[in-house]
Amino acid sequence: MFGLMGGQQLLALFPLVILSAFNYFSCLFLPQVLLKMPGEKQTAVKYYVGVDVGSASVRAALVDGFGTVVAHAEQPIQVWEPRPDHYEQSSADIWAACCSVTEEVVRGVDASQIRGIGFDATCSLVVVDKQFQPLAVNSEGQSHRNVIMWMDHRAASQVERINATQHRVLNYVGGAMSVEMQPPKLLWIKENLPESWEKVGYFFDLPDFLSWKATGVTARSLCTVVCKWTYTSDRGWDDSFWKMIGLEDLVKDKYEKIGNHVLSPGEAVGEGLTADAAQDLGLPEGIAVAASLIDAHAGGLGVIGADVKGHNLPCENQPITSRVAMICGTSSCHMGVSETPIFVPGVWGPYFSAMVPGLWLNEGGQSATGKLIDHVVRGHVAFPELEAKAAASAHSIYTYLNSHLDLIKKSLPVGFLTVDLHVWPDFHGNRSPLTDLTLKGMVVGLTLSRGLDELALIYLATIQAIALGTRHILEAMQAAGHDITTLFLCGGLSKNPLFVQMHADITGKPVVLSKEVESVLVGAAILGACASGDFASIQEAMAKMGKIGRVVQPNHEHKRFYDKKYEVFLKLVEHQREYRSIMSSV
């Protein structure tokens, strides 16, 4: 067309061309979008902010009503490890990171289009005084370090004493409380830091601390208090439990310190964002703030309710109870729901309405998965060689390891390379289904080899051990009454195709990956969407905002090999206990 025009005519069109190009690229890259069909009134897209506090970083996402992440930001947070099994953080550092990443994802967006915000976080313990100032959780008196992390195992003797009581509340945590829950940590503070204990105003689970910072309301989420504190949705707190374990002081003030106002996840908290929080976060004052979730539960919310029609999956046209959501990052959680309570030995729960309203939740878990893989790979003598070769090929170390395994497997399936190399993965104790904090990691089949081949093999064997641990958990859940047909994976490890395929092959179940890799952030945004009133229920928001992506099928022809690997896997822990018994007689 331009070839038929004179110079002046062409120049006259330039503003129109430039404007059209600007509009085109704005639609591609800017999250401020207006939907308009011919002859219809313009409708502004609605957005929700999801904030996720993980173990090592804080992330935020701007998510639309269809579950699409349109902006994403991440910032690291500090972790202190003053001594073995002690892990601490700073609530001020965490909140500052929340503000920074939220400001980044909403920059340039019309504030009127942002309808709500939801938070999720690790189930770490935040300690503040009566004026909400941080209190030290360490003998060094460092008050800015006022968070005992979820993976902190300092309260081992306290949890042992709690479990010895055999109190009825323990029935709802698989029969034995984990050292990663809050009561043993509270007892540790009382017994080891009496000065901090006397000054305490409030103990918060980290997700509830964030909703308090946003709203000024000290309400707790049903998710946190049920899953980590022994609260039940029908009876509330059990006075006799707290008195029995030596924490009767919490009963005297009617549980003000740990929460006497409980909201369902996704329920609107107070009057929304306070003026101070709005300024910190870069959001409008008064927008809806949702009652929060633990991070794994947010991941479950982001994937487990997705529509699977047309993918030929065994869970299609079946209730959501046939699915397990596996959230795999630093650690892994296995979330299964049921219409009636199912008591699974060694698996937490059943928790009513702790993730999906109206359904009971069981939660299995592995305390170290991503952290274990990292530990094994980075601690190997060949790691510097791996790091250099990965950098030279412009790949991540794990992409490079996966490619290297393909090179050395020859005609064998890659998983068969570990026929004589076996790992028991409990380097940080066993959370489920054995609930044994004292179990250690094991490796059988080492040689004198120090090269990249050996590193690739131990990496593969570690991933297989984690998948075998998942099979162990699923079998315990199924033996107790769950009917599980399909796994839904999300979290950082779900980006690793080897990790995903090994879970499909070893469990024998198809694995569904989320369309949005950041399912945890979508789950947090779903909370904000519900709090805003734009969806009638969590279930409606889950169905509309959760989308599935790739489906990975198991290689059934490899079943016999992995059945044998599983047989060895169970022998490993049996032998470890035998060794302990032998040595205990010394």
I would like to know whether Arg471 and Asp563 meet salt bridge (Lys or Arg N to Asp or Glu O under 4.0 Å); could you show each step before the answer? CA-CA 10 Å; Arg471 176 169 168 174; Asp563 284 348; 3.0 Å; yes

Is a side-chain donor-acceptor pair under 3.5 Å present for Asn555 with Asp505? yes

Looking at residues at least two apart in the chain, or sitting in another chain, which of them share a side chain to side chain contact (heavy atoms under 4.5 Å, CB included) with Ser367? Glu180, His428, Arg431

Could you give all pairs that pass the ring-ring contact (aromatic ring centres under 6.0 Å, His included) test and reach residues 306-332, with sequence neighbours left out? none

Quick check: are there more than 12 heavy atoms from other residues, nucleotides or ligands sitting under 6.0 Å from CZ of Arg580? yes

Whether the Thr122 and Ser124 side chains hold a donor-acceptor pair (N or O, under 3.5 Å, no angle test) is what I'd like checked. yes

Residues in ring pair (Phe, Tyr, Trp, His ring centres under 6.0 Å) with His167, at least two apart? Phe241

Considering only residues two or more places apart or on different chains, which pairs with a residue in residues 339-356 satisfy salt bridge (charged side-chain N to carboxylate O under 4.0 Å, His left out)? none

Sort and list the pairs that fulfil salt bridge (charged side-chain N to carboxylate O under 4.0 Å, His left out) and have at least one residue in residues 357-370, not counting sequence neighbours. Lys228-Glu363

Set of residues satisfying side chain to side chain contact (heavy atoms under 4.5 Å, CB included) with respect to Ala524, sequence neighbours excluded: Asp120

Just checking Gln166: does its CD atom have more than 12 heavy atoms from other residues, nucleotides or ligands closer to it than 6.0 angstrom? no

Straight-line distance of Asp208 CG to Phe119 CZ, nearest 0.5 Å: 12.0 Å

The complete set of side-chain hydrogen bond (donor to acceptor under 3.5 Å, both in side chains) pairs with one or both residues in residues 510-520, sequence neighbours excluded, reads Arg59-Glu518, Ser514-Ser519

For Tyr566, the ring pair (Phe, Tyr, Trp, His ring centres under 6.0 Å) test, sequence neighbours excluded, returns none

Only pairs at least two apart or in different chains count here, so list each salt bridge (charged side-chain N to carboxylate O under 4.0 Å, His left out) that has a residue in residues 401-417. none

Got a sec, which residues hit side chain to side chain contact (heavy atoms under 4.5 Å, CB included) with Glu81, two or more places apart in sequence or on another chain? Tyr87

Set of side chain to side chain contact (heavy atoms under 4.5 Å, CB included) partners for Ala121, sequence neighbours left out: Val53, Leu206, Pro207, Leu210

Apply ring pair (Phe, Tyr, Trp, His ring centres under 6.0 Å) to His334 and list each qualifying residue two or more places apart in sequence or on a separate chain. none

